[in-house]
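Take this structure, written in structure tokens, and hold onto it; I'll ask about it next.
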Amino acid sequence: MVSVLTSSALFKALLFLSLCSVWLLPDLALAKHAGTTRHYKFNIKMQNVTRLCQTKSIVTVNGQFPGPRIIAREGDRLLIKVVNHVQYNVTIHWHGIRQLRSGWADGPAYVTQCPIQTGQFYVYNFTITGQRGTLFWHAHISWLRATLYGPIVILPKRHASYPFPQPFKEVPIVFGEWWKADTETIINQAMATGGAPNISDAFTINGLPGPSYNCSAKETFKLKVKPGKTYLLRLVNAALNDELFFRVANHTLTVVEADAVYVKPFKTDIVVITPGQTTNVLLKAKSKTPNAKFAMSARPYATGPATFDNTTTIGILEYKKSASASSSDNMNIPLLKAKLPQFNDSTYAMKFNQKIRSLATRKFPVKVPKKVDRRFFFTVGLGILPCSKNQTCQGPNNIRPAAGINNVSFVQPNTALLQAHFFNRSKGVYTTNFPTNPPFKFNYTGTPPKNIMLDSGTKLVSLNYNTSVELVMQDTSILGAESHPLHLHGFNFFVLAQGIGNFDPKKDPAKFNLVDPAERNTVGVPSGGWVAIRFLADNPGVWFMHCHLEVHTSWGLKMAWVVNDGKGPKQKLMPPPADLPKC
């Protein structure tokens, strides 16, 4: 039987189809435009900059210091062309970006790429998948990140809101560290002589030291706010060698995000932030304009035995005045100071870090691995190494300070590890026998062993795709206990617990938080203590892990994980781009 549509039935069918197309088209359009491709050009060039009454030539991006802000949305693709116009080899790392299957764009020199040489360029090509929040970019070779850095702001997808009240304005607050001398000369001399590199002369907020330093009152970051409004401060610690305390005088901050992952909001007067970490805080301005300005102060949280730059950088929070207020009124307003903890207040730092918990909601779930495939115990800390035969060192018996993980001080290869892995040319470049545990047990946080000599080598850990890893990192008291901010490339990890003293494998796992642990890319291993993390090795490639105190990285406190390809097509590392730099 052949059914015949009446004219009214035909009209209804056509109407239904047209309505379907109206409903479907926006989804198709959204799918087609799920992410925008954003192009940036980074010209690496020298620029004269004056700070602390002295002018020096520094390495910059596009002549800007700090460097330009990168803004994107979750799901966007970024194409960033980096052109090297300076005498130094350069690479850029997009700190905290997962780089799913795009390890060639990660940036650490001699790990995922050979550096971009003078007169050469490289296009960093990657997509931001499942991430939103504040991260940052910085040079990842030698000490060039002293001046080569800038914020990355990843906005939520269109029509997606924050899980906290929409702020009136968003402001990046990027902490940096400034030396009067040339930083490349400083680290090169230190490595040549076996001494510790000179400490910095100032800290900066958005490149400006502020009024606590000589002739720097005019070089002060000022944040002007309107009464009653809420501001989102995107805090980034881009300093080289110092963890920081940060406080705004007479204002309470609400922490809402850490390392580009939303957290359960909590109020605090003081934020602790290590190099490599980012923290978003809400600042609610007072309802009425007060007759005061407020210091925004940052100074080191320092736990080690070495000297450090014990100075304070200050920005100023000012309330916008009514049009009728005179400029002379503004000049006489007092500046209220921000009281910060003692420089070595590790108790405050521990308590602050323990408050950071993931949201663990249906929309923002916690995907902490419940089962563990491989367990690792890493000691992190200092030691000594003999100086090379053609080197005269400052230390006794021709030794120099060094640093390592599980007694191995990492030796940087002269070719990129990722290429050696991808093309099966690891022989003579690296081995995959990195120790799972320290070579010998000792009282890690007590009296150090007599022999504190480190081994050295380019040793990696090899992991099968999708291996779930549990890693306990233990500080040691060798040459002094110290907090070490460890950064893992290519992954976020879950911070299950931390404690003081030696990790107890029988008792301490009972304290592990598997419900709402913090999800981060950088964590401070507590001074004289330990931290336990888990991550899922679901990103094929070679991934650097290192202390984000640059002096310790220079001394060898670093290693790398090789994550092998999985079986599926989306579980394999993409082939290298044609313009990948050559060594």
Side-chain angles (χ1 to χ4, degrees), residues 34-45 47 59-85 90-100 102-108 112-113 116 121-141 144-158 160 162 167 169-176 204-207 221 232-239 257-261 275-280 487 489-490 492 521-522 548 577:
T36 303
T37 299
R38 298 176 189 266
H39 296 262
Y40 285 86
K41 189 172 184 188
F42 277 20
N43 282 305
I44 311 295
K45 54 184 284 196
Q47 184 73 36
V59 184
T60 68
V61 167
N62 303 342
Q64 295 171 241
F65 172 71
R69 186 187 323 179
I70 284 182
I71 300 180
R73 282 194 187 279
E74 179 185 344
D76 285 355
R77 180 184 177 202
L78 287 170
L79 292 170
I80 305 165
K81 185 176 184 178
V82 177
V83 187
N84 186 3
H85 302 283
V90 170
T91 70
I92 304 288
H93 170 52
W94 319 96
H95 183 113
I97 299 281
R98 284 285 321 264
Q99 298 291 2
L100 290 164
S102 59
W104 307 105
D106 191 41
T112 59
Q113 67 168 100
I116 307 164
F121 71 87
Y122 179 45
V123 178
Y124 289 91
N125 176 356
F126 57 91
T127 299
I128 299 166
T129 306
Q131 293 183 278
R132 81 292 307 161
T134 306
L135 295 169
F136 72 119
W137 58 266
H138 61 78
H140 213 307
I141 184 166
L144 290 184
R145 76 175 182 88
T147 58
L148 275 181
Y149 62 84
I152 300 175
V153 174
I154 308 166
L155 300 170
K157 288 182 176 177
R158 284 197 188 280
Y162 295 131
K169 196 176 178 186
E170 303 182 7
V171 186
I173 304 282
V174 185
F175 304 111
T204 57
I205 295 175
N206 293 343
F221 173 73
L232 180 70
L233 308 185
R234 296 179 175 271
L235 310 179
V236 175
N237 188 348
E257 181 197 296
D259 289 1
V261 179
Q277 288 183 338
T278 55
T279 307
N280 280 6
H487 171 51
H489 290 229
N492 280 351
N521 64 61
T522 305
H548 222 276

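Numbers for residues simply follow the sequence, beginning at 1.
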Would you check if Leu155 and Ile71 make a side-chain contact, meaning some heavy-atom pair closer than 4.5 Å? yes
Hey, could you give me the CZ/NE2 distance between Arg145 and His140, rounded to the nearest 0.5 Å? 8.0 Å
Where is the tightest heavy-atom contact between Ala105 and Trp94, given as atom of each residue plus distance? O-CD1, 3.0 Å
Considering non-hydrogen atoms only, spot the tightest contact between Ala146 and Phe65 and give its length. O-CE1, 4.3 Å
Checking side-chain contact (heavy atoms from CB on, under 4.5 Å) between Phe221 and each of Asn206, Val174, Thr204, which is the one that passes? Asn206
Minimum heavy-atom distance between Ile92 and Trp137, given as atom pair plus value: CG2-CE3, 4.0 Å
Heavy-atom side-chain proximity of Asn84 to Phe42 below 4.5 angstrom: no
Look at the rings of His548 and His95 and say which category their plane angle falls in: under 30° parallel, 30 to 60° tilted, over 60° perpendicular. perpendicular
Should the ring pair His487 and His93 be called parallel, tilted or perpendicular, given that the plane angle runs from 0 to 90° and is split at 30 and 60? tilted
Flag the pair Thr112 / Trp104 as yes when at least one side-chain heavy-atom distance between them is below 4.5 Å, and no otherwise. no
Qualifying residues under side chain to side chain donor-acceptor pair (under 3.5 Å), relative to Arg158, sequence neighbours excluded: none
Could you check Phe126 against Ile80 for side-chain contact (heavy atoms from CB on, under 4.5 Å), going step by step and ending with a plain yes or no? CA-CA 9 Å; Phe126 57 91; Ile80 305 165; 4.1 Å; yes
Spacing of CG belonging to Asn43 relative to CG belonging to Asn62, to within rounding of 0.5 Å: 5.5 Å
Could you please spell out the steps behind the side-chain contact (heavy atoms from CB on, under 4.5 Å) verdict for Gln277 and Thr522? CA-CA 6 Å; Gln277 288 183 338; Thr522 305; 3.8 Å; yes
Please check this pair: side chain of Thr91 against backbone of Gly107, looking for a donor-acceptor N/O pair closer than 3.5 Å. yes
Result for side chain to side chain donor-acceptor pair (under 3.5 Å) between Asp106 and one of Gln113, His489, Gln99, Arg98 points to His489
Apply side-chain contact (heavy atoms from CB on, under 4.5 Å) to His39 and Lys81, showing your working. CA-CA 8 Å; His39 296 262; Lys81 185 176 184 178; over 6 Å; no
Decide side chain to side chain donor-acceptor pair (under 3.5 Å) for Asn125 and Arg77; before the verdict, give the C-alpha distance in whole Å, the side-chain angles of both, and the deciding distance to 0.1 Å. CA-CA 7 Å; Asn125 176 356; Arg77 180 184 177 202; 3.1 Å; yes
dist Leu144:CG -> Tyr149:OH (nearest 0.5 Å) comes out at 13.5 Å
Just how far is it from atom CD1 of Ile97 to atom CG of Leu78, taken to the nearest 0.5 Å? 7.0 Å
Straight-line distance of His138 NE2 to Ile152 CD1, nearest 0.5 Å: 9.0 Å
Using the side-chain contact (heavy atoms from CB on, under 4.5 Å) criterion, which residues pair with Thr134? Sequence neighbours excluded. Arg234, Val236, Glu257, Thr278, Asn280
How close do Ile128 and Ala72 get, heavy atom to heavy atom, and via which atoms? CD1-CB, 3.8 Å
Straight-line distance of Leu233 CG to Thr279 OG1, nearest 0.5 Å: 11.0 Å
Go through the steps for Thr37 and Leu79 under the test side-chain contact (heavy atoms from CB on, under 4.5 Å), then give the verdict. CA-CA 7 Å; Thr37 299; Leu79 292 170; 3.8 Å; yes
With a 4.5 Å cut-off on side-chain heavy atoms, are Phe136 and Pro172 touching? no
Taking the side chain as everything from C-beta on, heavy atoms only, tell me whether Val61 gets closer than 4.5 Å to Ile44. yes
Please report the shortest heavy-atom distance between Gly75 and Thr127, naming the atom on each side. O-CG2, 3.9 Å
So, for Tyr40 and Arg69, which heavy atoms are closest and what is the spacing to 0.1 Å? CE2-O, 4.0 Å
Side-chain (Gln131) to main-chain (Gly96) donor-acceptor, under 3.5 angstrom: yes
